Amino acid sequence: MDAQSYNAALAELRTVRDKIKKVRAELTKLEADRDQRITQLATYAKAKAERIAPAAGLSVADIVTVAPTLAPENLTEGNDAPAPSPVPETATPSGDTAPGPAPQPAAAPAASPPQHVSSPGPEAAATTGPAAPSPPETPRTLPSIPEGAAGNAWCAHTPGLVSKRPNFTQQARSTVFLDTDTGVLVHRNQTHHLDLGNRTAADILTAVFHTIPEGAERIYITAGDPWHRDAGRYPYLRDAVTAWLNAPTPGWRTDTGRGRDRMAGHFVHARNPVGRYQREDGSHHVEIRSVGEWFDIDGDDPATVRDAFVLLWQALRRHWTDAVIMGSPSQTGRDLWTRTIPTRGQYADGFPVLSEELRGLLHATAGQGRNELITPPAVPQQLPQLVEYDRTFAYAKHAWKSPVGTPRRVTAAAFASWSEKEQTRALYGCGHWQVRVTIPDTWNHVGLLPAPAPGERAWHYPAAPGTTFTTWAGGPEIHTALTNPLTPWKIEILDGILWEDGKPLDDWTKKLKDTWSSLTAQAQLHGDPQQARAAHLASRAVRSILLYGIGSFAQRPRMVTGTTPRTMERDLPPDAEIISFDDELITWQRPSGFSRDPNAHPEWAAAIWSGARAALLTQRHRDENTYAGALHTPPGTVVAFRTDALYLTQPQNWPHHQQPGDYLLRGHLTDPVPAPTTEEELLTLRNAGRAALTATGQEN
């Protein structure tokens, strides 16, 4: 094959690729339509799977999977077969694992732990009928630190990469607020009504810049979600968003970024995307963003949302005279933090960034919030009640102490050589530990430590008595496992990283806590309902600044999204994955690894996440010498964990003093309800419980 025929064959291959993607999209739609029709047929009292199966081109088992009510009686009645082994739920974040050899795989559980959300329950097992057992998924193994000098070299900082206090003033962006359902636009103190046409990005830009000749640099969409307008035409919501962002915008092109906070290209997100555009002559730059990044709104008009941002800015200015609200809570949070870096003392020259190897290890071994749904038989099929407790402004309680200084490695031999006092002090300190865990034979409550599960970033929480597994965990969780109020777990230290205790986030957190407290008080005391609502939204925005600001310190390996004209397809990056295309553009994404981010501190995020997960289990209220958390409830009463929320079958008399970390009663269903078996079912019950509690006026 010569070069000419090679290029011709590549062109033909691309054509086939395009056809395959289109056919797959069409096939997905047809399969969804087929399943919907099967579900409709199943509502007929005399419907039988045996008749529907040939009409649908499926097996009887496939029909029963779509419509379980069609299962033959001999499979649904009197079936005593045990349910399949549970499969742990998959966590939301994704990313690459860190370099380094992997440790030995975690041991298989000695007994079945509580079933998790992605595990089929007994009913599902019964409806599928006899079948060959599928091989269990293999839990992923977590990386270890290499032995000897190679591993010791990880405990260092990246040369020339330091978090420093900025020497410039952040520039504010002119902002408007737009409801794309009603066309109402709020700009400063003026309200306009726009004709948005088909609600494309081009229609929005044209209408806004026609109404406001001087233009705007940021357009917040408060309602309407215009990027979902053609969702029915695409198999995935992300595809619809991508198509909306990349649709033709006459007179505009994708922004290539500018200034110190250089952000280039669109950000594709299923719910809260960001469109970045600039005039073809370069005269204007503008972002189209969702207010959903900051807080959830419930029918609030653009004027109320505008007032919320004004109140937020005014409250932040009491602590930062140069505070500017940036496009997202994470950007705002990190910018505000950099302005608290001390100008004198040990870290006046900034906080050094860890080696890339150690950042990679933390990325692979330090999970975020605990998200776990516990289903029957670990909880009753019919829950007597469902009570939701949400830890108020939770992460603010765990940011007072964070790792600083040059990390040091603590091997198993070194840890064993220490006195009991030295070991206890180390586990109380800022560390990240590789451990072998054994659950006591008498254990009958929820799991305490995260363990790797199948999936790129999946974690579960083994709870079966006698189970042994290997994992990484932070000091707060290790300490909780060793000193929990029920039975101490056996923990063997295999390796670890230990830092000095410091307070790099303390000033930042205190200022945000004070801002949150003042806005919360305004929301409760303001006589004007609209201003009270605006203050409430502003307080939720402060929560987002802290929450996402901490998350941004983790600095996951980035996924870069870009577009390439179809005429330049051969110039696509070699490692790019095509995620959508049309007749004009190809949209692709590719991993970019770790950037040289001077504000990358995954050790801080990991420490806070570990503390928050531990507090879901047990937390002491010093003033009253009382305890709260899952371990202070009877066994079998915990239904779910969801980041900083706890769902129970019994109400608890836990104190709440409007302080960060306190357990707030958020929802309560007092009548029996079926135990949720999916996240969607849990969220439906959560919303019903919150509405019921609001109706009774019994919130904390």
Side-chain angles (χ1 to χ4, degrees), residues 172-194 208 211-212 216 218-225 289-321 323-329 332 336 390 392-393 396 511-547 656-660 662 664-667 687 690-700:
R173 302 283 179 88
S174 57
T175 303
V176 299
F177 302 88
L178 175 63
D179 183 331
T180 59
D181 278 338
T182 63
V184 173
L185 174 79
V186 171
H187 175 230
R188 296 175 182 165
N189 294 322
Q190 299 178 345
T191 300
H192 308 273
H193 294 269
L194 310 186
V208 169
T211 305
I212 307 173
R218 187 175 296 136
I219 301 171
Y220 274 124
I221 305 299
T222 64
D225 296 340
R289 310 187 72 112
S290 169
V291 163
E293 294 180 86
W294 291 86
F295 39 67
D296 294 328
I297 61 176
D298 184 17
D300 299 294
D301 58 45
T304 302
V305 176
R306 182 269 322 274
D307 290 347
F309 276 89
V310 171
L311 289 175
L312 173 64
W313 176 76
Q314 291 173 341
L316 291 174
R317 281 273 172 152
R318 297 188 184 101
H319 298 286
W320 289 275
T321 58
V324 169
I325 298 177
M326 302 179 71
S328 70
T332 306
L336 293 176
D390 188 19
T392 302
F393 205 32
K511 291 178 177 179
L512 289 178
K513 284 195 291 188
D514 186 73
T515 303
W516 171 80
S517 296
S518 66
L519 289 169
T520 300
Q522 286 186 58
Q524 295 171 343
L525 302 175
H526 207 293
D528 183 339
Q530 180 174 332
Q531 288 301 300
R533 177 62 180 172
H536 171 73
L537 294 178
S539 72
R540 299 299 291 172
V542 177
R543 175 186 178 276
S544 296
I545 289 173
L546 182 80
L547 182 70
H656 184 270
H657 303 299
Q658 303 288 338
Q659 294 299 311
D662 287 357
L664 170 70
L665 178 62
R666 288 291 304 277
N687 295 339
R690 291 181 178 181
L693 189 67
T694 300
T696 60
Q698 295 179 357
E699 300 98 329
N700 283 131

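All values derive from a computational prediction rather than experimental measurement. Along the sequence shown, residues carry numbers from 1.
Contact of the L512 side chain with the L316 side chain is registered, since non-hydrogen atoms from C-beta on lie closer than 4.5 Å. Looking at I219 and I221, their side chains come closer than 4.5 Å, going by heavy atoms from C-beta outward. Looking only at side-chain heavy atoms (C-beta outward), I325 and T175 stay at 4.5 Å or farther from each other. When side chains are defined from C-beta on, F177 does not count as touching V184, because their heavy atoms never get closer than 4.5 Å. In this structure, N189 and R306 have side chains that are in contact, with non-hydrogen atoms separated by less than 4.5 Å. For the pair D179 and D301, the minimum side-chain heavy-atom distance is 4.5 Å or more. Taking the side chain as every heavy atom from C-beta outward, P329 and E293 approach each other to under 4.5 Å.
A search for side-chain hydrogen bond (donor to acceptor under 3.5 Å, both in side chains) contacts involving Q522 returns nothing, not counting sequence neighbours. Residues forming a side-chain contact (heavy atoms from CB on, under 4.5 Å) with D662 (at least two apart in sequence, or on another chain): H621, H656, H657, Q659. Here D514 pairs with nothing under the salt bridge (Lys or Arg N to Asp or Glu O under 4.0 Å) rule; sequence neighbours left out. Listed by chain and residue number, nothing satisfies the side-chain hydrogen bond (donor to acceptor under 3.5 Å, both in side chains) test with S517 (two or more places apart in sequence, or in another chain). The salt bridge (Lys or Arg N to Asp or Glu O under 4.0 Å) search around K513 returns none, not counting sequence neighbours. Taking F393 as the reference, W516 meet the ring pair (Phe, Tyr, Trp, His ring centres under 6.0 Å) condition, with sequence neighbours excluded. Checked against salt bridge (Lys or Arg N to Asp or Glu O under 4.0 Å), D300 has the following partners two or more places apart in sequence or in another chain: R533. Partners of R188 by side-chain contact (heavy atoms from CB on, under 4.5 Å), not counting sequence neighbours: none found. With sequence neighbours excluded, no residue satisfies side-chain hydrogen bond (donor to acceptor under 3.5 Å, both in side chains) with T332. Under the side-chain hydrogen bond (donor to acceptor under 3.5 Å, both in side chains) criterion, Q531 pairs with D307, sequence neighbours left out. Take F295 and apply the ring pair (Phe, Tyr, Trp, His ring centres under 6.0 Å) test, not counting sequence neighbours, and it matches F309. Under the salt bridge (Lys or Arg N to Asp or Glu O under 4.0 Å) criterion, D390 pairs with R666, not counting sequence neighbours.
Within the model, atoms CZ of R690 and CG of L665 stand 11.0 Å from one another, a figure rounded to the nearest 0.5 Å.
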